[in-house]
There are 2 protein chains.
Amino acid sequence: MKQTVIPKETVDGVIRQNGLKSVGQASIREVKKLINDVEKASGTHFIRMEMGIPGLPAAKIGVDAEIAALQKGIASLYPEVGGLPELKEEISRFAKNFLNIEVNPAGCIPTVGSMQGSFASFLTVSRARKGKNTTLFIDPGFAVHKQQHRVLGIPFESFDVYNFRGEKLREKLESYLSKGNISSIFYSNPNNPSWICFTEDELRTIADLAKKYDVIIMEDLAYFGMDFRHDISTPGVPPFQPTVAQYTDKYILFVSSSKAFSYAGQRIGMMMISDALYKSEFPDFKDYYNSTQFGHTMIFGTVYCLSSGTAHSPQYALHAILKATNEGRYNFVHETRIYGEKAHKMKEMFLKNGFYLAYDKDVDKDLSDGFYFTVGYPGMNSEELLHNLLYFGISAISLGITGSEREGIRACVSLVPMEDLPELEVRLEKFKAYFGE
Amino acid sequence: MKQTVIPKETVDGVIRQNGLKSVGQASIREVKKLINDVEKASGTHFIRMEMGIPGLPAAKIGVDAEIAALQKGIASLYPEVGGLPELKEEISRFAKNFLNIEVNPAGCIPTVGSMQGSFASFLTVSRARKGKNTTLFIDPGFAVHKQQHRVLGIPFESFDVYNFRGEKLREKLESYLSKGNISSIFYSNPNNPSWICFTEDELRTIADLAKKYDVIIMEDLAYFGMDFRHDISTPGVPPFQPTVAQYTDKYILFVSSSKAFSYAGQRIGMMMISDALYKSEFPDFKDYYNSTQFGHTMIFGTVYCLSSGTAHSPQYALHAILKATNEGRYNFVHETRIYGEKAHKMKEMFLKNGFYLAYDKDVDKDLSDGFYFTVGYPGMNSEELLHNLLYFGISAISLGITGSEREGIRACVSLVPMEDLPELEVRLEKFKAYFGE
C-alpha cells in the first residue's frame, strides 16, 4: 500500500509558509524550524536527524567544577585572554596523551566554542602573508566555515575529496597549492558530514605538501575519538587520535567540547597552535596588528578583540574534564560510543530499504560508525530525497549545503533515542513501499 | 626632602627589561605586567589605577541563578544564537525601565561581553552600505575599539571632543558627516577614560545629525548609571540613564555586565538594536551575507559565525540580575556607588598636591565622580607624568593611548581599596615635594 506517513499537502504547505524555495538549500537551523512546524501541523513526531547536537548529558565533572568555581567568586574577575594557566597546561597534556604531540601550553588557547577558534584562525592566517591569503577547504564540510570567510571577505577554494582519496589526493592538492595563493588547508577529521576519516598515508600527503608549499594546516577534530574502529581512550598509550600534526610542524588543531564532552551549551573549545607556528614571524601582520609573531598576534591581537577571551567558569569545567581524562579517571570516548552503536543499527535499516551510502569507504576500508552517516536513494537527488523523507516523518540535511558533489543526505544519530529505532524502520519500509519498484 | 618612593633605577630597569620604548605608549595590559614586575623588583605595593576592572564581588543573584541552571543540565544544550528568549524579554524590560525606550526583545541580544557586541556591530554596520563604511569615534575612547577596526580593515576617523562640547559639537560633527563616508558614530557615555557625560542637548545634536546624514549611532553604556549626580536606579521612574535613543531611531546600545553587575568574568554583555534599525533592509549585505535585513543579518550572519551565541549559564545569570533589577529587588546603582565616593576623595588628594583635572566639565557643570577620572600635572606631558608617578608607586594609563589630545593620565578607582587612600595621599605629597616649586 503506497502511503506517506504525513499527508504531502501538510508538508508542502509548511514549506511554503516558511518561505523556503527549496528544502535542499535550507540551512540546518531553517530545517530545524521547518520540522518543528511540520510536527505541530501534522501531530506526527519526527525521527530528527538534522541537528549535530549532543544527545548526552554534559560531563558531570565539568559541571561540578564550574559550580565550585562560581562559588569561589570567579564571575567578577576577567579571565586571562590566552586562557586560564592551569587549563592551558591540561590542554597541552591532553595533546600529548591523546594525539601524541608536544604543544607548549602557550599555544593551547580556550575559545568561545570551536566556532570562535576557526573564526580567529581564518582572520589571523589571512593577514599573515599578502597575496597568500586563500583558504583551501577539503570538502565536504560545515557550511558556517565558509560563511565565516564570506563575512570576513577572505577568499577560499574547495573540492569534494570523494573522488580524490588515497594516491589521487596528492595531485589534486598540488593543483591548488602550486598556484601560490593558498595560505592554509582546512578540513575536519572525522569528517562532518561524510564521516570519512583520512588514512595515515593521506595525512602524510597533506603534511608533505604543506611543507613544500609553506601552507598552514587547520584540522578540525570536533569528533575527537569517535572513529570507534580504534579505541584511543587510554592516555599516553597507542592508538592515538590520527592527526596531521604527526607529519608537519605548522598547524592549528581545533577540539570542540560540544560533542566529545557533551558541553555544547557553555561554548568552550580549544585551539592548539604548534610551537613552530606560534613562534613564526609574519611582517605583513603590521598592517593589521601591533605585533608580528603569530602566537602573540593570535592572542592579544585577534582573540582579545573578539571577546576578551572566554567565559571564566567554563574554563574551569574544561580544566576538570581534561585533568580527569589525562589521569584516566574519565573516559569520554566510552561515553560517546553509544553514537557508533546507533549509527550501525540505523545504517542497516536504510540499506535494507533500498538506500545506499553516499560516502562509503576510507580508501579500502568501510567507514566507521559514528556521529553522522550519509545515504542516497537511487533516482533521487539530494533535494528530492530530503523532501521525500519529510513525507515519512524523517528529517536530515541535504549534502548540497556541505560542499559535497554527491547526492544524498546527512543523518546525525545523536538526537534519535534508541526507542525510536523500530519506528524509523517502519517508516523506511513505508518509504520503500512508496518509492521502490 | 626630595625623594622618590621607589629608586628610579629600579623602575627604569624594569621598563627596559619589559622592552617598552615608552610607558606612555604601553597598552593597559603591558602597564599591568610592568607594574607586577616593578612591585616584585622593589618590594613596594603600588596604588593600582591602571586596569578598569570591577573591584566588587559579582552580583550574587547572578551567581546563584547560574549555578541553578548548571544543575538543571543546560551545559549540554546549544544556546539559541540570538539569546535565551526569557533573557531577551528582560533586556527589553530593562531598556524600558532604565532608559525609557521601547526595544523589541528580538533586537536585545546577549553577547560574549560588550567586546563581542562592538566587534559584531562594527563588522555588520561596515558591510551595510558600500562607500559609506567609515566609523567616526567621538574620542577619547577605549583603544581596543580601534584595534577591532584595524584587524577587520574597517576605516575610521576620530576627534577629541574636549574642545567641541555644547554648541560647538554640531559643526564639528557635520564636518565629518557631510563627506558622506561615515556609516556610524561610536562613543561611550559616561566616557572612558575622561568620565565626561554628554548633556541632553549634545545627545540631541548627535541624533539630529545622525538622522540628517543617515548614520547609525553606537552608544557604549558600559558605565550604566554611574553618573552618580543622578540616581537612575528606580525602575520606570525618572531620571533615566541618558541616551541618544531618546532622539533617534537608528541605534545600537551596548551594556556591559562587567562594571554594572561586577560580572566581568563570565563575558556577558548585551546589545539593544532599535526596532527601526533591526527592520532596515540593506541590499549591499548580499556580498557578505545571505540576508539583507539588519537584525537577521546581525544574529544569523554575524553573531552566529563569531561564536554560535553566548555561553548558556551566564545568560541565566544575566536574566536573574535583570529580572531582580526590573522588579526593584536589586539596586545595582547603589552597589557601585562606592566608586563615586572613592573618586571624590582621590580627586581631592590629587588636586591638593598640584595636579589639575585633564577633563573637568560637562559644558558648564563639574564632571561626575565615578569609575574613572583624569589628571594632569603642570609642565609634564602624559608620558612624563605616568613615568614619574611610577617612581612614587602609583600606576595608571596615559591619555595618549585613548585618542585624547590632553596631557595626563586616566585613573581607575575600582581596584584601590579604601584602606590605601592614606598611603595615596602620602605618596602624592612626596610627588609634590619632589616636583613642585
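Throughout, a chain's letter reflects where its sequence line sits, starting with A, and its residues are numbered from 1.
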At their closest point, which heavy atom of B:R127 faces which heavy atom of A:G153, and how far apart are they? NH2-N, 3.9 Å
Heavy-atom pairs under 4.5 Å with chain A are the metric here; pick the option from B:P314, B:S27, B:C305 that has the most. B:C305
Part of B:T310 lying under 4.5 Å from any heavy atom of chain A: backbone
Most chain B-contacting option - heavy-atom pairs closer than 4.5 Å, from A:A59, A:A58, A:S307: A:S307
Is the count of non-hydrogen atoms from other residues, nucleotides or ligands lying under 6.0 Å from B:K132 atom NZ greater than 12? yes
Under 4.5 Å from any heavy atom of chain A - which part of B:K146: neither
Name the region of B:L77, side chain, backbone, both or neither, that has any atom closer than 4.5 Å to a heavy atom of chain A. backbone
Answer key: most heavy-atom pairs under 4.5 Å with chain B among A:I67, A:V144, A:V63, A:V151 is A:V151
May I ask you to test the A:D64-B:L70 pair for a side-chain heavy-atom distance under 4.5 Å? no
Hey, could you give me the CG/CD distance between A:N290 and B:E30, rounded to the nearest 0.5 Å? 8.0 Å
Working to the nearest 0.5 angstrom, can you tell me the gap between B:Q266 CD and A:I74 CD1? 4.5 Å
Any donor-acceptor pair under 3.5 Å linking the side chain of B:R267 with the backbone of A:H312? no
Residue B:L56 versus chain A: region with a heavy atom under 4.5 Å: backbone
At a heavy-atom distance under 4.5 Å, which candidate from B:S114, B:G117, B:G73, B:P79 has the highest pair count against chain A? B:P79
Part of B:F122 lying under 4.5 Å from any heavy atom of chain A: neither
What part of B:Y304 lies closer than 4.5 angstrom to a heavy atom of chain A: side chain, backbone, both or neither? both
Side-chain heavy atoms of B:V81 within contact of A:R29, under 4.5 Å: yes
List the atom of A:S76, the atom of B:A264, and the distance in Å for their closest heavy-atom pair. O-CB, 3.6 Å
Ranked by heavy-atom pairs below 4.5 Å to chain B, first place among A:S262, A:A120, A:G113 goes to A:S262
To the nearest 0.5 Å, what is the distance between CZ on A:R150 and NZ on B:K286? 10.5 Å
